[in-house]
Participant: 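One structure is given below, represented as structure tokens, and several questions about it will come after.
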Protein chains: 2
Amino acid sequence: MTDDDDDDFDLDLFLPYLLNQAAEAAGRDFQAVYKARYGIGRSEWRVLFHLGQDGPLTAKEIASRAMMHKTKISRAVAALAVRRFLTRERSETDRRCEHLHLTPAGQAAYRDLRREAARYDARLVSRFAPEESAQLRTMLRRLSGAR
Amino acid sequence: MTDDDDDDFDLDLFLPYLLNQAAEAAGRDFQAVYKARYGIGRSEWRVLFHLGQDGPLTAKEIASRAMMHKTKISRAVAALAVRRFLTRERSETDRRCEHLHLTPAGQAAYRDLRREAARYDARLVSRFAPEESAQLRTMLRRLSGAR
DNA sequence: CCTTGTTAGTTACAAAATCAACCATTAGCA
DNA sequence: TGCTAATGGTTGATTTTGTAACTAACAAGG
């Protein structure tokens, strides 16, 4: 029998592990920015960005784009509404769902953080060659199940 | 002024976001395996793997390798001890720390999950060319701050 | 020895995530 | 119509995680 105790596995090369470590490391500092500047958490940040980028959306639409659970969305939206970063407008055609709009304050926060995100991203990929980072993004998208 | 509303930023290309999505997607199915099979969570799994791979370690050593906070380690170790996957042995030379050993049951679980992990990893990278996935791992390591 | 400081690890409490149950509304269809 | 099922969204209970404060042991300098 081949040695059962030593097949070719190295934890430090295990992809889910690597991805977690990298995601955590990459997210930490940026998280500190939006937390310190607007007192919001990750869910709130995501909702803010999706709304800022893709116009008014319903909670359901955000959930499917961000692959977030609906309770997270619900609470994030509530928190952003308290901060007057968005307004909810019940749909006329289907009164179950509501369209979420960023207020001017919300848009301002979005633009500010987007600028910050762009700089942060640039700093992250500065260690790589341009076509390397492009390929990295492509591969990550594929892993995310994106098309 | 250049249009403030449209600098070149796309959320779906933002690295921390991509990394999170990919990490979540990649981790989900494997998490289901060790959860269903041994009823342990991510922290427990990590501790188990570090111990299985790098022999007896103290909590501190695991923390530095896995970049996990010590409270997570502490709880994960406690949970694994309850399941009799490891034993704690107080150090003679420094009675603050304890050396953590996997029990035979712990080693069996480790080997089983390692095998599973290897297969899982292989399946993940099967979508990429071999040198692509190698490069991916390298870049992720760099992002994690690893040397 | 006795401070003072540091380190390994645990515990207590707050914030966040998960899960299930729950309205209100709409859709399918007899 | 009127029944049932499904959907968008919220809420509450439970668990998980993160943050501080804490204990116990060591270390260094007086």
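Just so we're on the same page: letters track the sequence lines, and every chain starts at 1. These numbers were taken from a predicted model, which means no experiment stands behind them.
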Participant: Over 60° means perpendicular and under 30° means parallel, so classify the ring planes of B:F30 and B:W45, tilted if in between.
Facilitator: perpendicular
Participant: At under 4.0 Å between heavy atoms, what does A:T71 touch on the DNA or RNA strands: base, sugar-phosphate, or nothing?
Facilitator: base
Participant: So, does A:R142 use its side chain to make a donor-acceptor pair with the main chain of B:R127 at under 3.5 Å?
Facilitator: yes
Participant: Can you tell me how far C1' of D:dG8 sits from CG of A:L57, to the nearest Å?
Facilitator: 15 Å
Participant: When the distance from CE of A:M67 to P of C:dT18 is rounded to whole Å, what number comes out?
Facilitator: 13 Å
Participant: Please confirm whether the shortest side-chain N or O distance from B:T58 to OP1 or OP2 of C:dA8 is below 4.0 Å.
Facilitator: no
Participant: Would you mind telling me which residue lines up with the more 5' stretch of DNA chain C, B:I73 or A:R96, judged by nearest nucleotide?
Facilitator: B:I73
Participant: Over 60° means perpendicular and under 30° means parallel, so tell me whether A:F85 and A:Y38 are parallel, tilted or perpendicular.
Facilitator: perpendicular
Participant: A:C97 or B:R42: which one's nearest nucleotide on DNA chain D is closer to the 5' end?
Facilitator: A:C97
Participant: Given atom CZ of A:R28 and atom P of D:dT19, what is their separation to the nearest angstrom?
Facilitator: 11 Å
Participant: Starting at atom NZ of A:K70, determine the distance to atom P of C:dA17, rounded to an integer number of angstrom.
Facilitator: 18 Å
Participant: Ignoring hydrogens and angles, tell me if any N or O in the side chain of B:Y34 forms a donor-acceptor pair with the backbone of B:E44 under 3.5 Å.
Facilitator: no
Participant: Roughly, in whole Å, what's the span from CE in B:M68 to P in C:dT10?
Facilitator: 13 Å
Participant: Does A:Q53 use its side chain to pair, donor to acceptor, with the backbone of B:L11 at less than 3.5 Å?
Facilitator: yes
Participant: Between the base of D:dG8 and the side chain of A:K60, is there a donor-acceptor distance below 3.5 Å?
Facilitator: no
Participant: Side chain of B:H69 only, heavy atoms from C-beta on: which candidate in D:dT19, C:dA8, D:dG8 is closest?
Facilitator: D:dT19
Participant: Quickly work out the A:W45 CH2 to C:dA16 C1' distance and round it to whole Å.
Facilitator: 17 Å
Participant: Give, ordered by number, those residues of residues 76-95 of chain A having at least one heavy-atom distance below 4.0 Å to an atom of DNA chain C; if nothing qualifies, reply none.
Facilitator: A:D94, A:R95
Participant: Nearest whole Å is fine: how far is C:dT26 P from A:E98 CD?
Facilitator: 13 Å
Participant: Can any side-chain N or O of A:S74 pair as donor or acceptor with the backbone N or O of A:T71 at less than 3.5 Å?
Facilitator: no
Participant: Between C:dT18, C:dT6, D:dT17, which one does the side chain of B:K72 approach most closely?
Facilitator: D:dT17
Participant: Does B:R88 use its side chain to pair, donor to acceptor, with the backbone of B:E98 at less than 3.5 Å?
Facilitator: no
Participant: Is it the case that C:dT18 (base atoms only) and A:R75 (side chain only) share a donor and an acceptor within less than 3.5 Å, ignoring hydrogens and angles?
Facilitator: yes
